[in-house]
Asks: 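Shown below is the structure under consideration.
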Amino acid sequence: MIRPVEPKDIDDLLTRSRALCGLRLGELARRLNILPPPSTIRGKGWTGQLLERALGAQAGSASQPDFSHLSVELKTLPIAADGLPKESTYVCIAPLLPGPEARFETSCVARKLSRVLWFPVEAGPTVLTDRRLGRAVLWTPSSGQWQRIRTDFDELVELIMTGGVEHITAHIGEVMQIRPKAANAAARAKALGPNGAPILTNPRGFYLRPGFTAEIVGARVR
DNA sequence: AGCTGATCATAT
DNA sequence: ATATGATCAGCT
C-alpha cells in the first residue's frame, strides 16, 4: 500500500476501512511514507490527513465531501480510555452572512453530515504513533437525529442572521454548537451586525458534541 | 473532570 | 482570508 486511488464504491471504501482496524498510526504512516509530526500539538490534523491518504480521499481544502463521488465525508473520532469520544467534531464553517448556507437544506451541515464514515482512533496519553485505529462506522442520520441537528442549526443561524453573532456561546445547542474556528482570536470575518450593518468578528464553526458522536458510533460506556 | 474558547498545520 | 484536518489548555 503506497498511495491508494479513490475507492470505486461504498463497499470498496468499507472493505479498505475495515482492513485498517487495529493498525497503529505509526505503522500506517510508515506504509504510506508519511512522517509523523513531532508532537500532537504540532500535528492536530495529522491523523485525519493520514486516513484520507490511506483511503484514497481527494486531498485539498475543497468545500466538498472527502469522497465526493460517493457523497461520503470522512471523520476521525478520538476515543478516550473510557471508550467515549474525547473531543467534539468539527463539521464546517458557520455562515455569518445571509445566503443559501443559512438555510438548513442547502447548508454545509446538511451536505457534510448526510453520510459520514466515522473512524474511531485511540486517544489519550499514548504517543501518537502508538494509537490504534478502531472499526469504521458508516452513518446516515436517522430522522430523529436530523431533527435534533436541524433544531440547533436553526436556532444558531437565526441568532446570527438577526445580528446576534456576538451573543453566541458554545452553551447553545443540544447536539451541535458553534465555537471559534480560526488561526487565533485576532482573525476577522465579515458578519451581520446588530443594525444590519456589516461588522468584523472571529470566524466560527459548527461542532458536534461528544455525547452525540458517542451515540452515533455506539461507544461503550463503562 | 468536562467544556468552552483558543490554537496549530496545510492548501488555495 | 477561507477552507480543510483537528486538539489544546485554562476555567468553572
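Heavy atoms only: backbone and side chains are in, while hydrogens, waters and symmetry mates are out. In the text below, chain A, chain B and the rest are named by the order of the sequence lines, each starting its count at 1.
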Asks: Specify the separation, in whole Å, of atom CG of A:N202 and atom C1' of B:dA6.
Replies: 8 Å

Asks: Tell me whether the side-chain N/O atoms of A:Q177 come closer than 4.0 Å to OP1 or OP2 in B:dT4.
Replies: yes

Asks: Pick the nucleotide of DNA chain C nearest each of A:A182 and A:I93; which residue has the one closer to the 5' end?
Replies: A:I93

Asks: Between A:T169 and A:G43, which residue's closest nucleotide on DNA chain B lies nearer the 5′ terminus?
Replies: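 Going by which nucleotide is closer to the 5' end, it is A:T169.
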
Asks: If you measure only the distance, is there a donor-acceptor pair under 3.5 Å linking the side chains of A:R131 and A:T47?
Replies: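 Looking only at side-chain atoms, A:T47 and A:R131 do not form any donor-acceptor pair under 3.5 Å.
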
Asks: Figure out the NZ/P separation between A:K181 and C:dA6, and round it to whole Å.
Replies: 9 Å

Asks: Starting from C1' on C:dT4, measure out to OH on A:Y90 and report it in whole angstrom.
Replies: 7 Å

Asks: Return the 5'-most residue of the pair A:H171, A:A186 with respect to DNA chain B, ranking by each residue's nearest nucleotide.
Replies: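 The residue whose closest nucleotide sits nearer the 5' end is A:H171.
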
Asks: Atom CG of A:L55 and atom P of C:dG5: how far apart are they, to the nearest Å?
Replies: 13 Å

Asks: Does the side chain of A:R132 reach to within under 4.5 Å of the side chain of A:R24, using non-hydrogen atoms?
Replies: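 Yes, at least one pair of side-chain atoms sits under 4.5 Å.
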
Asks: Name the closest nucleotide to the A:K112 side chain, picking from C:dC8, C:dT4, B:dT7.
Replies: C:dT4

Asks: Please walk me through it: do A:L138 and A:L13 pass side chain to side chain contact (heavy atoms under 4.5 Å, CB included)?
Replies: CA-CA 10 Å; A:L138 184 63; A:L13 175 59; 5.7 Å; no

Asks: What's the CD-C1' distance between A:E52 and C:dA3, to the nearest Å?
Replies: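 After rounding, the gap between these two atoms is 12 Å.
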
Asks: Distance check needed: C:dC8 P versus A:Y207 OH, whole Å only.
Replies: 14 Å

Asks: Give a yes/no answer on whether the side chain of A:S88 brings an N or O atom under 4.0 Å of OP1 or OP2 in B:dC3.
Replies: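 No, outside the criterion.
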
Asks: Using the side-chain heavy atoms of A:D66, tell me which of these nucleotides is nearest: C:dT4, C:dC8, B:dT7.
Replies: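 Selected nucleotide: C:dT4.
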
Asks: Check every strand shown and say whether A:P78 touches a base, only sugar-phosphate, or nothing at a heavy-atom separation below 4.0 Å.
Replies: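 Here A:P78 touches the backbone only, sparing every base.
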
Asks: What nucleotide among C:dA9, B:dT4, C:dT4 has an atom nearest to a side-chain atom of A:I41?
Replies: C:dA9

Asks: So, applying side-chain contact (heavy atoms from CB on, under 4.5 Å) with A:V72, which one of A:L55, A:D66, A:I10 is it?
Replies: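 Passing option: A:I10.
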
Asks: Whether the side chain of A:K44 and the base of B:dT7 hold a donor-acceptor pair under 3.5 Å is what I'd like checked.
Replies: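 Counting by modelled atom types and ignoring angles, a donor-acceptor contact under 3.5 Å is found here.
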
Asks: Rounded to whole angstrom units, what separation is found between the NZ atom of A:K75 and the C1' atom of C:dA6?
Replies: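 So the NZ-C1' distance, A:K75 to C:dA6, works out to 8 Å.
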
Asks: Less than 4.5 Å apart, side chain to side chain, heavy atoms only: is that true for A:M176 and A:F212?
Replies: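 Side-chain contact under 4.5 Å: no.
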
Asks: With heavy atoms under 4.0 Å as the rule, sort A:T47 into base, sugar-phosphate or nothing.
Replies: nothing

Asks: Can you check whether A:R209 has a side-chain N or O nearer than 4.0 Å to OP1 or OP2 of B:dT4?
Replies: yes

Asks: A:R179 side chain N/O closer than 4.0 Å to the phosphate oxygens (OP1, OP2) of B:dT4?
Replies: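 No.
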
Asks: Contact class for A:A189 (heavy atom, under 4.0 Å): base, sugar-phosphate, or nothing?
Replies: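 Sugar-phosphate, backbone atoms only, no base.
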
Asks: Quickly work out the A:F67 CZ to C:dT4 C1' distance and round it to whole Å.
Replies: 14 Å

Asks: Taking the side chain as C-beta and beyond, is there a heavy-atom pair between A:I172 and A:I178 under 4.5 Å?
Replies: no

Asks: Name the nucleic acid region contacted by A:G45, choosing base, sugar-phosphate or nothing; use a 4.0 angstrom heavy-atom cut-off, strictly under.
Replies: base

